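To keep things clear, I will list the structure first and then write my remarks on it.
The model shown is predicted, which means the values in this text are computed figures rather than measured ones. A, B, ... follow the sequence lines: proteins, then strands. Residue 1 opens every chain. We use all heavy atoms of the structure for the numbers below, so side chains are in, but hydrogens, waters and symmetry mates are not.
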2 protein chains.
Amino acid sequence: MSKKTINFKEQLKNSNYKLTGQRQAIMDVLIENSSKHLSADEIYKILSEKNTGIGIATVYRTLSMFEKLKFVTRINLDDGCIRYQVSDFQAEHEHHHLICESCGCIQDIKDDQLEVLEKKVLAENGFHVYNHKVKLYGLCNKCYKG
Amino acid sequence: MSKKTINFKEQLKNSNYKLTGQRQAIMDVLIENSSKHLSADEIYKILSEKNTGIGIATVYRTLSMFEKLKFVTRINLDDGCIRYQVSDFQAEHEHHHLICESCGCIQDIKDDQLEVLEKKVLAENGFHVYNHKVKLYGLCNKCYKG
DNA sequence: CTTAGTGCAAAACATTTGCAAACCA
DNA sequence: TGGTTTGCAAATGTTTTGCACTAAG
């Protein structure tokens with residue numbers, strides 16, 4: 001059993017949520033696809049192929065709860081749906097996303113490098129930053145060369 | 001007539017779009033509210049109050065066209081709709097947004113400060129950045145003190 | 001047992017589209 | 001005048017909700 005799974009079960013209990021087969025199954029799909037960014041519908045389709053009889057409403061309700069508990073983070077790629085990814089429990093902030101405008105691929109980068117910006121924002125605007133969402137648009141290595 | 005209005009009319013013509021009353025009215029609303037971030041529905045309601053008989057479909061079609069011509073930029077605040085703001089024609093990139101998680105206010109900041117990050121991304125990932133969307137979440141000056 | 005959680009179908013919501021009428025160039 | 005653009009209403013696609021049933025603790 002992975003560290004994430006243990007964490008998941010304990011935190012559910014601590015938050016007075018029941019551990020159901022559906023919640024477990026949805027978390028499994030998220031962990032199996034942790035490098036991807038899945039929509040509710042994509043998760044639903046994967047669950048359907050596995051012949052769990054989980055309904056789409058449960059997927060939405062579960063993802064919403066997972067987000068509240070910070071098990072997942074949402075990313076909005078402006079493609080008409082919200083996408084989810086298991087959180088990096090070690091990370092303090094969310095990671096950045098590199099979005100290629102040619103092939104649509106998405107790379108995650110851990111590195112932060114926003115200290116300078118956040119300090120400036122505090123000094124000049126009096127705004128205290130606790131989290132950030134950074135999307136960088138451009139061309140990936142392959143598309144730039146090709 | 002403001003610089004933006006001139007720019008708007010000329011660019012419409014150059015792109016082979018007609019200057020209609022509706023497009024003018026929508027641009028007016030956007031310019032009058034340039035510090036805000038309006039949704040299609042909010043723009044539609046403002047237009048309705050002004051007794052232009054503009055339909056919601058026209059608002060969507062126009063905003064979509066305005067975005068293609070870079071007259072407006074979208075921002076997604078994860079509140080169920082896409083929001084729009086007139087572009088800063090001087091700016092090379094989009095400005096950053098400071099989003100207060102207590103009162104929901106949004107401050108725009110022009111300053112970039114992403115050169116270090118973007119250089120690092122190029123060096124380490126071979127990714128060429130052309131634009132970015134940065135949202136910083138936290139507490140504004142008022143809410144932090146209060 | 002008891003109440004949270006589920007599946008289903010219907011509803012809600014933002015957005016898009018087809019089409020006949022209206023309008024800009 | 002002719003091709004764009006528009007308003008309307010219907011359609012779409014995602015997400016939410018009401019409700020009776022099921023299952024975790």
Side-chain angles (χ1 to χ4, degrees), chain A residues 5 8-30 37-69 71-84, chain B residues 5 8-29 37-69 71-72 74-84:
Chain A
T5 311
F8 163 64
K9 288 185 179 175
E10 273 185 7
Q11 282 204 245
L12 270 191
K13 196 179 283 177
N14 293 344
S15 309
N16 273 27
Y17 288 111
K18 293 181 179 174
L19 174 62
T20 65
Q22 289 88 333
R23 287 171 181 168
Q24 183 67 69
I26 292 169
M27 181 50 85
D28 287 347
V29 169
L30 286 165
H37 308 79
L38 300 177
S39 67
D41 195 60
E42 284 168 351
I43 293 168
Y44 172 69
K45 288 204 171 92
I46 292 170
L47 290 166
S48 299
E49 281 167 20
K50 290 183 172 186
N51 290 314
T52 66
I54 299 177
I56 188 79
T58 299
V59 176
Y60 278 105
R61 279 187 286 232
T62 303
L63 286 172
S64 166
M65 185 261 269
F66 281 5
E67 202 209 346
K68 211 177 298 168
L69 298 186
F71 291 160
V72 296
T73 51
R74 355 166 119 207
I75 172 175
N76 199 315
L77 300 175
D78 290 313
D79 62 347
C81 58
I82 296 160
R83 294 175 173 281
Y84 295 87
Chain B
T5 310
F8 162 63
K9 289 185 180 177
E10 274 185 7
Q11 281 203 246
L12 269 192
K13 195 178 283 177
N14 293 344
S15 311
N16 273 24
Y17 287 110
K18 293 182 177 173
L19 175 62
T20 66
Q22 290 89 333
R23 286 170 182 168
Q24 183 67 69
I26 292 169
M27 181 51 84
D28 287 348
V29 170
H37 308 79
L38 300 177
S39 66
D41 196 60
E42 284 167 353
I43 294 168
Y44 173 68
K45 288 203 171 91
I46 292 170
L47 292 166
S48 299
E49 280 166 21
K50 290 185 173 186
N51 290 315
T52 65
I54 298 178
I56 187 78
T58 299
V59 176
Y60 278 106
R61 279 186 287 233
T62 302
L63 286 172
S64 165
M65 184 261 269
F66 281 4
E67 202 209 346
K68 210 177 298 169
L69 298 186
F71 291 160
V72 296
R74 358 165 118 207
I75 171 176
N76 199 315
L77 300 175
D78 290 313
D79 62 347
C81 58
I82 296 161
R83 294 174 173 282
Y84 295 87

Taking for each residue the nucleotide of DNA chain C with the nearest heavy atom, is it G80(B) or N16(A) whose nucleotide lies nearer the 5' end?
->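 This one resolves to N16(A).
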Rounded distance (Å) that lies between atom [atom2] of [N] and atom [atom1] of [X]:
X	N	atom1	atom2	result
L12(B)	dT4(D)	CG	P	15 Å
I26(B)	dT6(D)	CD1	C1'	11 Å
F66(A)	dG5(C)	CZ	C1'	13 Å
I54(B)	dA21(C)	CD1	C1'	17 Å
Y84(B)	dT15(C)	OH	P	7 Å
E67(B)	dT16(C)	CD	C1'	15 Å
L38(A)	dT15(D)	CG	P	13 Å
N76(B)	dA14(C)	CG	P	13 Å

Does the side chain of I43(B) come within less than 4.5 Å of T62(B)'s, by heavy atoms?
->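 Counting from C-beta outward, T62(B) and I43(B) never come under 4.5 Å.
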Please examine the side chains of F8(B) and Q24(B), heavy atoms only from C-beta on, and report whether any two atoms are closer than 4.5 Å.
->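 In short, these two side chains touch, coming nearer than 4.5 Å.
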Going from CD1 on I26(B) to CE on M65(B), what distance comes out if it is rounded to the nearest 0.5 angstrom?
->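 One gets 8.5 Å once the value is rounded to the nearest 0.5 Å.
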Spacing of L38(A) atom CG and I75(A) atom CD1 [to the nearest 0.5 Å] =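 One gets 12.0 Å once the value is rounded to the nearest 0.5 Å.
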Do other residues, nucleotides or ligands put more than 12 heavy atoms under 6.0 Å from the NZ atom of K13(B)?
->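 12 or below, so no.
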Short side-chain N/O contact to dC24(C) OP1/OP2 from Q22(B), under 4.0 Å |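 The answer is no; no side-chain N or O of Q22(B) sits under 4.0 Å from OP1 or OP2.
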If only atom types and distance count, is the side chain of S48(B) paired as donor or acceptor with the main-chain N or O of Y44(B) below 3.5 Å?
->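 Yes; judged by distance alone, with no hydrogens or angles, the pair exists.
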Would a distance-only check, ignoring hydrogens and angles, find a side-chain to backbone donor-acceptor pair under 3.5 Å from R83(B) to H37(B)?
->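 Between the backbone of H37(B) and the side chain of R83(B) there is a qualifying donor-acceptor contact (under 3.5 Å).
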B/S/- along nucleotides 16-25 of chain D (protein heavy atoms under 4.0 Å) is BBB-----BS
Nearest to side-chain heavy atoms of C81(A), which nucleotide of dG7(C), dA14(C), dT15(D) |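 Of the options given, the side chain of C81(A) lies nearest dT15(D).
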